[in-house]
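Quick caveat: nothing in here was measured; it's all calculated off a predicted structure. Throughout, numbering of the chain's residues begins at 1 and tracks the sequence.
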Amino acid sequence: MYKGKIVLKNLTEEEMKEFILSIGEKKFRAKQIFSWIYKNVRDFDEMKNIPKSLRDKLREKSIIGNIDIDLRLDSKIDKTKKYLFLLNDGNIIETVAMEYEDRITVCVSNQVGCRMGCRFCASTIDGLERNLEAWEILDQIMKVQEDLGKRVSNIVMMGSGEPLDNFENTKRFLKLVNEESGLNIGYRHITLSTCGLVDKMMDLADLELPINIAISLHSPFDDERQKIMPVANKYSIEEIIDACNYYISKTNRRVTFEYSLIKDTNDSEKEAKRLVELLRGMLCHVNLIPINPIEERDFEKPDMEYINRFKNYLDKKNIPVTIRNSMGSDISGACGQLRRKFK
């Protein structure tokens, strides 16, 4: 509900049929309206094959659900674009579109701000303002698609916020984005990043959706992890590993471990060795992320020599590993750099 009205962009096609029937209209109208929604219409009068009487009724009982591009920043070093979206309540969220040769990946935000408190991340600095509704997450993709004039093929839920801290809206978003008559983006093309909310990881696994999951690990030692990630005071690494194994058993999907390399903090052979002990034999992949700078913190990325040494150690121990190419860093669009704002 939105100010007492239904948000049409928050409905599956089946739910749209139920809504249309509930207001005394013919079921076939639902398919027409659903189609208009995914053509990014902003006003009911744009729905040309819908009679005026029904458009008036829709206006009385519902809203379409639209967010607006407030600003677009284009990277000068790659094809990354960062969008600042203005929400209906004046909050601003950030979304990143990364264009590769064979695909366009959009990194969506799912909260205004974040309450997880990870010390290397800009999104959490001012805390959590509110959760995004499912349609607000969905519309980030729709507006990027419209702006670029190209189909978005992949989604990473790695923008501002912790998706599993907004579990119900995340769950609905996953259903909406997979709708065949909507965006029709397959689950295997979606990656959800979490700092390790173990109970919600289990709930997500129980949905048995074949989405990819990425765990923000950043240290293989509980005491060190607690210094940079407050969530580590609640969930131990052992509990996270158990939840990952459960996720793999339910979905048969590989788990990615995101590991931000911070100079003189978590980049030594001691950490690499422990990481191998933790992950040996698991269906997983390690994504090494040289830390991206944010103005409020003095974390530095290690020299390339240390980064390669860390990677090579994992390689030799047969742990699949890559070094992430941080795109859009010149427009603060890289990992850990997205923020919340208010206009």
Does a side-chain heavy-atom distance below 4.5 Å link R253 with I248? no
Would you call E224 and H218 a side-chain contact if the rule is heavy atoms closer than 4.5 Å? no
Would R324 and E258 count as a salt bridge (charged side-chain N to carboxylate O under 4.0 Å, His left out) here? Give the steps. CA-CA 9 Å; R324 179 183 291 175; E258 297 172 310; 3.0 Å; yes
When hydrophobic residues are tied together by side-chain contacts of less than 4.5 Å, even through go-betweens, does I50 share a cluster with I63? yes
Same cluster (ILVMFWY, side-chain, under 4.5 Å), Y187 and F167: yes
Does the pair D223 and K227 meet the rule for a salt bridge (charged side-chain N to carboxylate O under 4.0 Å, His left out), with working shown? CA-CA 7 Å; D223 56 343; K227 292 175 185 175; 5.8 Å; no
Is the backbone of V321 close enough, under 3.5 Å, to the side chain of N287 for a donor and an acceptor to pair up by distance? no
With the side chain counted from C-beta on, respond yes when I141 and E146 share a heavy-atom pair under 4.5 Å apart, and no when they do not. no
Quick one: does S35's side chain have a donor or acceptor within less than 3.5 Å of a partner on K31's backbone? no
If you count every heavy atom of other residues, nucleotides or ligands that lies below 6.0 Å from K250 atom NZ, does the total exceed 12? yes
Hydrophobic cluster membership, I37 vs F28, 4.5 Å side-chain cutoff: no
Spell out, as yes or no, whether a donor-acceptor pair under 3.5 Å connects the side chain of S249 to the backbone of Y247. no
Nearest atoms (heavy-atom pairs only) where P220 meets Y259: CD-OH, 3.5 Å
Would you kindly check if the NZ (Lys) or CZ (Arg) of K301 is within the cone defined by 45 degrees around the ring axis of Y306 and under 6.0 Å from the six-membered ring centre? no
Under the 3.5 angstrom rule, does the side chain of R130 hit a backbone N or O of V112 as a donor-acceptor pair? no
Please check if the side chain of Q111 supplies one atom and the backbone of N131 the other of a donor-acceptor pair under 3.5 Å. no
Side-chain (D78) to main-chain (T80) donor-acceptor, under 3.5 angstrom: yes
Could you state the interatomic distance from NZ (K57) to CZ (R29), rounded to the nearest 0.5 Å? 11.0 Å
Starting at CG of N308, measure out to CG of D303 and round the result to the nearest 0.5 Å. 11.0 Å
In short, C107 meets M98 closest at the heavy-atom pair CB-CE, 4.0 Å
Side chain to side chain contact (heavy atoms under 4.5 Å, CB included) partners for D242, two or more places apart: E238
Just verifying a value: how many Å separate M201 CE and L164 CG, rounded to the nearest 0.5 Å? 7.5 Å
State the CE-CG distance between M16 and L21, to the nearest 0.5 angstrom. 12.0 Å
Using ring-ring contact (aromatic ring centres under 6.0 Å, His included), reason through Y38 and F34 one step at a time and then give a plain yes or no. CA-CA 7 Å; Y38 284 88; F34 196 80; 4.9 Å; yes
Once you round to the nearest 0.5 Å, how far does NZ of K61 lie from CG of L8? 12.5 Å
Find out whether V106 and V156 are in side-chain contact, i.e. whether some heavy atom of one side chain is under 4.5 Å from a heavy atom of the other. no
Test item: E162 side-chain N/O and C195 main-chain N/O as donor-acceptor pair under 3.5 Å: yes
Nearest heavy-atom contact between F310 and D267 is CD1-O, 3.7 Å
Return yes if some donor-acceptor pair links the side-chain N/O of N233 with the main-chain N/O of P230 below 3.5 Å, else return no. yes
Would you call the rings of F85 and Y83 parallel, tilted or perpendicular, where under 30° means parallel and over 60° means perpendicular? parallel
Does the side chain of D139 come within less than 4.5 Å of N40's, by heavy atoms? yes
Among K82, Q140, R72, K143, which residue satisfies the side-chain hydrogen bond (donor to acceptor under 3.5 Å, both in side chains) criterion with T95? Q140
Mark yes when over 12 heavy atoms from residues, nucleotides or ligands other than E208 sit less than 6.0 Å from its CD; otherwise mark no. yes
Within the distance-only criterion (no hydrogens, no angle test), does the side chain of D165 pair as donor or acceptor with the backbone N or O of M116 below 3.5 angstrom? no
Taking 4.0 angstrom as the limit, do K52 and D56 come out as a salt bridge? yes
R42 and I67: which non-hydrogen atoms are nearest, and at how many Å? NH2-O, 3.6 Å
Whether the side chain of N166 engages the backbone of N110 through a donor-acceptor N/O pair (distance < 3.5 Å, no angle test) should be reported. yes
With A134, which residues qualify under side chain to side chain contact (heavy atoms under 4.5 Å, CB included), at least two apart? N10, N169, R172, F173, L176
Has R115 got more than 12 heavy atoms of other residues, nucleotides or ligands less than 6.0 Å from its CZ? no
How long is the straight-line distance from CD of Q226 back to NZ of K234, given to the nearest 0.5 Å? 14.0 Å
